[in-house]
Participant: 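Here it is, the structure, as C-alpha cells.
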Protein chains: 2
Amino acid sequence: MTRQRDVILQALADEEAFRSAQELYADLRTAGTPIGLATIYRALQTLADTGDVDVLRTESGEALYRRCGTRHHHHLICRSCGKTVEVAADAVEQWAHAVAKRHGFRDPAHTVEVFGLCRDCPDA
Amino acid sequence: MTRQRDVILQALADEEAFRSAQELYADLRTAGTPIGLATIYRALQTLADTGDVDVLRTESGEALYRRCGTRHHHHLICRSCGKTVEVAADAVEQWAHAVAKRHGFRDPAHTVEVFGLCRDCPDA
DNA sequence: CAGGGATTGAGAACCGTTATCACTATCGGC
DNA sequence: GCCGATAGTGATAACGGTTCTCAATCCCTG
Ligand SMILES: [Mn+2]
Ligand SMILES: [Mn+2]
Ligand SMILES: [Zn+2]
Ligand SMILES: [Zn+2]
C-alpha cells in the first residue's frame with residue numbers, strides 16, 4: 001500500500017456515487033494532491049481485481065468505480081446525481097441460476113443494475 | 001431504408017449472437033459488400049434508437065448489437081461462443097420496481113444479463 | 001431531365017484507456 | 001549509513017473503438 005493508493009481509496013471512501021478515473025484525477029489535482037493519471041488507472045484496476053471496488057460501465061462505455069461492501073450485491077443508482085444504494089436480491093440470484101440451468105448453461109454469472117431518480121433530484 | 005441499412009439488418013438477422021460494428025464491417029467487406037464503417041455505426045445507432053436492435057457493453061467497453069424481439073426481455077449469453085437466448089423475467093421486473101420504490105427512487109429502469117457456458121462449449 | 005435534401009464513406013479527430021520507460025521510493029542485507 | 005534489488009510512479013506516446021467532417025453520390029419530386 002503506497003501513499004497514492006491510499007489517497008485513491010480515501011477519495012472513494014468519502015463518496016457514495018460511482019466515479020470515473022478522470023473525475024478522481026481532476027478532483028485530486030484540484031485538491032493539490034500530486035498524482036498521475038496512469039497511477040489512478042493502475043490502482044483502480046488492482047482494487048477491482050481484489051474486489052475492493054466495484055466497476056460498472058456507463059452507457060457510453062466509460063468505466064466507473066465505487067468502494068462497496070464485499071458481500072455480493074447489486075446497485076440502485078440515481079441517473080441524475082449518481083447516488084447509489086447497495087441492494088440484496090436473493091430472488092434474482094435464484095432466478096439467474098434457474099434460467100441458466102433451464103437452458104443448459106453452466107457456471108452462471110449475472111449483472112443487475114437498477115436506475116431511477118432519487119428523492120432529492122427533480123424530474124427535469 | 002437504403003441498400004446499406006438493409007444489408008446491415010440482413011447481417012444481423014442471420015446471427016444469433018451479439019456482434020460488434022467492426023466485426024460486421026469485416027464480414028461484409030470480406031463478403032464483397034461495399035460499405036463504410038461510418039455507415040455501419042450510423043445505421044446501428046439508428047436501429048438502436050428505434051428499438052430494432054439491442055445494445056450491450058462488453059467488459060472492455062465495446063458495444064455489441066443484436067436483432068431482438070420487441071417485447072421487453074433479457075439475455076442469457078454464452079461467454080465463450082456468444083450464443084444468446086432471450087429470456088423473460090417477470091419476477092425480476094417486479095423486484096426491480098419494488099426495490100426502487102422502497103428507496104424512494106422513481107421512474108425505474110434496469111439492466112439484467114446472465115452469462116454462462118452453453119452446452120456446446122468446452123470448459124477450457 | 002434539373003434541383004435539392006438525404007446518405008455515403010474515406011479519413012481525421014476524439015477520448016478513455018493502456019503501454020513505455022526513465023526516474024524515484026522502499027527495503028533487507030552488509 | 002550505503003548498496004543493490006525490487007516495486008511503484010507519472011509524463012508521454014500509443015492504442016482502439018467511436019464520432020465527426022465534408023466532398024461526392026444517391027434519390028425523390030416537380
Ligand atoms: Mn446477484
Ligand atoms: Mn426486465
Ligand atoms: Zn439523485
Ligand atoms: Zn457457447
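Protein chains get the first letters and strands the later ones, always in sequence-line order, with residue 1 at the start of each.
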Participant: Give the rounded distance in Å between these two atoms: CD of B:Glu23 and C1' of D:dT18.
Facilitator: 15 Å
Participant: Nearest-Å distance, OH (A:Tyr25) to P (C:dT17)?
Facilitator: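 In whole Å, C:dT17 P lies 14 Å from A:Tyr25 OH.
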Participant: Once you round it to whole Å, what is the distance between P of C:dG16 and CD of A:Gln45?
Facilitator: 17 Å
Participant: Tell me the interatomic distance from A:Ile40, atom CD1, to D:dG8, atom C1', rounded to whole angstroms.
Facilitator: 15 Å
Participant: Using heavy-atom distances to pick each residue's nearest nucleotide on DNA chain C, tell me which of B:Arg5 and B:Arg29 is more 5'.
Facilitator: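 Closer to the 5' end of DNA chain C: B:Arg5.
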Participant: Decide yes or no on side-chain contact (heavy atoms from CB on, under 4.5 Å) for A:Glu15 and A:Leu24, but give the supporting numbers first.
Facilitator: CA-CA 11 Å; A:Glu15 181 58 57; A:Leu24 291 171; over 6 Å; no
Participant: Which is more 5' along DNA chain D, the nucleotide nearest B:Arg3 or the one nearest B:Ala21? Just name the residue.
Facilitator: B:Ala21
Participant: Closest to the A:Thr39 side chain: D:dT9, C:dT17, C:dA19?
Facilitator: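 From the listed options, D:dT9 comes nearest.
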Participant: Under the ring-ring contact (aromatic ring centres under 6.0 Å, His included) test, which residues partner A:His110, sequence neighbours left out?
Facilitator: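 Here the qualifying residues are A:His72, A:His74.
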Participant: Quickly work out the B:Met1 CE to C:dT8 C1' distance and round it to whole Å.
Facilitator: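 It is 15 Å, rounded to the nearest whole Å.
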Participant: Between B:Leu44 (CG) and C:dT7 (C1'), how many Å, whole number?
Facilitator: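 Those two atoms, CG and C1', are 16 Å apart.
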Participant: Once you round it to whole Å, what is the distance between C1' of D:dT19 and CG of B:Leu37?
Facilitator: 10 Å
Participant: Ignoring hydrogens and angles, answer whether the base of D:dG10 and the side-chain atoms of A:Arg42 contain a donor-acceptor pair closer than 3.5 Å.
Facilitator: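 Counting by modelled atom types and ignoring angles, a donor-acceptor contact under 3.5 Å is found here.
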Participant: To the side chain of A:Ala38, which of C:dG9, C:dA19, C:dT17 is closest?
Facilitator: C:dA19
Participant: Is the phosphate of C:dT7 approached by B:Thr2 (side-chain N or O, under 4.0 Å from OP1 or OP2)?
Facilitator: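 Checking B:Thr2 against C:dT7: no side-chain N or O falls below 4.0 Å of OP1 or OP2.
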Participant: Would you say the side chain of B:Val87 lies within less than 4.5 Å of the side chain of A:His103, judging by non-hydrogen atoms?
Facilitator: yes
Participant: Hey, is the main chain of B:Ser20 close enough, under 3.5 Å, to the side chain of B:Glu62 for a donor-acceptor pair?
Facilitator: no
Participant: For a quick check of understanding: with a heavy-atom distance under 4.0 Å over all strands, which category does A:Gln4 fall into, base, sugar-phosphate or nothing?
Facilitator: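 Since only primed, P, OP1 and OP2 atoms lie under 4.0 Å of A:Gln4, the category is sugar-phosphate.
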Participant: Give me the atom names and distance for the closest heavy-atom approach of A:Ile77 to A:Glu113.
Facilitator: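 Heavy-atom minimum between the residues: CD1-OE1, 4.1 Å.
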Participant: Please determine, for the side chain of B:Tyr41, which listed nucleotide (C:dT7, D:dT19, C:dG16) has the closest atom?
Facilitator: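 Output: D:dT19.
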Participant: Nearest whole Å is fine: how far is D:dG8 P from A:Leu47 CG?
Facilitator: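 Nearest whole value for this atom pair: 13 Å.
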